[in-house]
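Remember, it's 1-based here, ligands and their atoms both numbered in the order they're listed. Quick caveat, the model's predicted, so the values are computed rather than measured.
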Amino acid sequence: MPLGLYISVPFCRTKCSYCNFASDVFSKSAYENYVARLLEDIAGARQLASELGCTLDDSADSIYLGGGTPSILDASQLLRIFAALHGQFAVTPDAEVTVECAPGTLTPALIGTLLECGVNRVSLGVQSFVDQEAQSVGRLHKRSTVLEEIDRLRKAGLANLNIDLIAGLPHQTAESWAFSVSETIAAGVPHVSVYMLEVDDDSRLGRELIAGGSRYHAHFVPDDDATADFYQQACEMLTAVGIVQYEISNFARAASPAQNNESRHNLKYWTRQPYVGFGVDAHSFLAADHHQAIRFAAPESLEAYMNRAPHTVMPVSAQAAIEESFFLGLRLNRGIDLECLRKEFSVDAIAAWDSAIHQCLHDGLLEHKGTILRLTARGRLLSNEVFAGFLNEERKVGTGHVNPR
Ligand code: SF4
């Protein structure tokens with residue numbers, strides 16, 4: 001099965017206050033060393049897979065440069081990364097090739113480089129079309145810049161665009177949020193991601209909120225109920241114009257069967273298809289000789305990665321594979337087919353989850369149609385609760401969330 005290839009670029013121009021990713025502001029001199037290290041990793045992918053007893057396909061049908069801000073790299077660095085990927089993998093002619101870009105960086109020169117690299121999809125970390133909101137969390141762009149850059153991308157032939165939005169930013173109101181969603185719709189992009197602000201101690205804003213302080217505009221952050229309402233409002237506004245939800249945070253404009261606007265790369269995460277990641281905190285999932293599969297992850301810090309600290313390796317047992325099939329598959333609006341799971345893992349193995357399923361059906365978090373099980377609208381809002389019910393105690397962490405950048 002063709003792979004998804006992920007490259008992590010952990011550099012940003014500034015650190016957004018809500019950001020809980022392994023990314024930071026580094027001097028440009030760090031970029032070159034990092035790219036050299038990435039190229040080594042890409043060249044060594046087959047050896048690592050063989051040492052771990054994994055199967056690494058020769059072909060790849062998706063490439064995703066995320067981070068961080070991959071568009072911060074210069075042309076030569078981007079070109080060398082893509083050349084290395086093409087040198088190691090047979091990238092299919094129809095591959096989806098995405099680069100995450102910070103609005104305000106999409107110069108004609110950068111767009112030219114992206115095209116030269118074979119990029120055919122750009123994901124824009126807009127988060128809000130209200131300048132005050134974007135600036136309050138450290139974003140450097142303005143609404144007008146985003147619109148100009150979308151126009152520039154389209155004129156250059158890059159029309160397959162995603163816009164990321166975050167519900168729950170400081171200063172956001174129902175009206176300002178409706179404005180951001182309306183602007184996104186008016187921009188005519190085929191894909192939209194809507195995330196709710198994550199409050200945890202991995203971000204400066206999250207820590208301030210937990211402490212009850214007012215730095216980083218924390219006292220202007222809407223409460224949880226308002227944020228949940230914003231998310232619901234976005235679901236309704238996007239659906240009304242044919243931008244259909246297909247995953248908890250992801251929406252795609254309905255397209256012809258020949259042109260599917262859903263993110264092929266991200267679908268690999270939720271449907272447990274193989275992918276391999278390179279760079280800081282990059283995760284991989286591959287079929288393995290002696291286990292159902294193996295997950296492995298590169299070090300979370302730039303220093304550890306540059307010092308060649310070993311990957312964290314997590315063999316996926318049969319039990320864990322079933323759990324993953326539930327909590328990843330249920331993220332998708334199409335849900336999971338219990339009959340397919342019974343065929344894959346056995347009737348008895350799946351029966352062990354009957355009580356978790358019945359509890360969620362009883363609580364109105366799941367619905368059951370024929371053999372299909374899927375989240376209700378309420379279940380999507382409370383998805384972490386649902387997923388926790390499908391995990392045994394040791395695994396109630398890391399439910400495969402694909403985060404905003
Ligand atoms: S949210 Fe994105 S752009 Fe902002 S610091 Fe994090 S990775 Fe960088």
Side-chain angles (χ1 to χ4, degrees), residues 6-28 30-31 34 38 64-73 77-78 98-107 110 114 121-143 145-146 149 161-172 180 184 191-209 215-218 221 227 249-250 263 265-266 277-283 297-302 305 401-405:
Y6 176 78
I7 304 285
S8 151
V9 178
F11 308 123
C12 293
R13 293 181 298 167
T14 55
K15 183 77 179 170
C16 305
S17 62
Y18 61 81
C19 180
N20 55 8
F21 299 121
S23 67
D24 219 325
V25 180
F26 292 93
S27 76
K28 283 201 167 190
Y31 303 176
Y34 184 73
L38 271 180
Y64 196 106
L65 263 67
T69 309
S71 56
I72 209 166
L73 297 180
Q77 290 161 342
L78 287 168
T98 307
V99 174
E100 288 180 351
C101 294
T105 62
L106 284 150
T107 60
L110 173 61
L114 296 179
R121 187 170 182 273
V122 169
S123 179
L124 296 163
V126 177
Q127 320 311 358
S128 169
F129 276 98
V130 177
D131 293 347
Q132 182 200 20
E133 292 172 12
Q135 280 154 25
S136 74
V137 290
R139 305 298 283 180
L140 297 174
H141 60 266
K142 293 200 152 117
R143 165 187 170 273
T145 315
V146 177
E149 291 186 340
L161 306 175
N162 170 61
I163 285 180
D164 280 347
L165 294 177
I166 297 182
L169 292 180
H171 303 287
Q172 213 163 51
S180 282
T184 303
H191 194 280
V192 181
S193 301
V194 178
Y195 301 96
M196 288 189 275
L197 182 76
E198 288 186 20
V199 178
D200 58 35
D201 58 14
D202 288 333
S203 75
R204 287 173 295 155
L205 178 57
R207 285 193 292 276
E208 193 66 11
L209 282 163
R215 289 184 301 166
Y216 313 114
H217 303 252
V221 169
T227 300
S249 304
N250 288 280
S263 162
H265 189 82
N266 286 348
F278 302 99
V280 170
D281 202 26
H283 289 231
E300 285 180 20
S301 81
L302 179 63
Y305 178 72
H401 195 77
V402 178
N403 288 307
R405 299 297 196 263

Has [X] got any heavy atom lying under 4.0 angstrom from an atom of ligand 1?
| X | value |
| --- | --- |
| Arg139 | yes |
| Asn20 | no |
| Gly125 | no |

Point to revise | Side chain, backbone, both or neither: the part of Thr69 lying under 4.0 Å from ligand 1 by heavy atom | key: side chain
Review point. Can you tell me if Cys16 has an N, O or S atom under 2.8 Å away from atom 8 (Fe) of ligand 1?
Key: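 Short answer: no, not a single N, O or S atom is under the cut-off.
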Which ligand 1 atoms are under 4.0 Å away from a heavy-atom of [X]?
| X | result |
| --- | --- |
| Tyr18 | 1 (S) |
| Thr14 | 5 (S) |
| Cys19 | 1 (S), 5 (S), 6 (Fe), 7 (S) |
| Cys12 | 3 (S), 5 (S), 7 (S), 8 (Fe) |

Point to revise | Sidechain-backbone polar pair: Tyr34 side chain, Pro10 backbone, donor-acceptor under 3.5 Å | key: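 Answer holds: no.
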**Study point:** Leu106 backbone acceptor or donor facing Glu149 side chain under 3.5 Å
**Key:**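 Confirmed, Glu149 side chain pairs with Leu106 backbone.
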Practice item. Taking atom types as modelled, find out whether Glu100 and Tyr64 have a side-chain donor-acceptor pair closer than 3.5 angstrom. Key: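 Per modelled atom types, Glu100 and Tyr64 side chains form a pair under 3.5 Å.
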Study note, to complete from the structure: Taking every heavy atom of Ser128 against every heavy atom of Glu133, the minimum-distance pair comes out as OG-OE1, 2.8 Å
Review point. Can you name the salt bridge (charged side-chain N to carboxylate O under 4.0 Å, His left out) partners of Arg13, sequence neighbours left out?
Key: none
Exercise for review: Applying salt bridge (charged side-chain N to carboxylate O under 4.0 Å, His left out), name anything that partners Arg207, two or more places apart in sequence or on another chain.
Suggested key: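 Not a single residue meets the salt bridge (charged side-chain N to carboxylate O under 4.0 Å, His left out) criterion with Arg207.
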Revision key, fill the gap. Test side chain to side chain donor-acceptor pair (under 3.5 Å), reference Asn20, set Asp201, Asp202, Asp200, output is Asp200
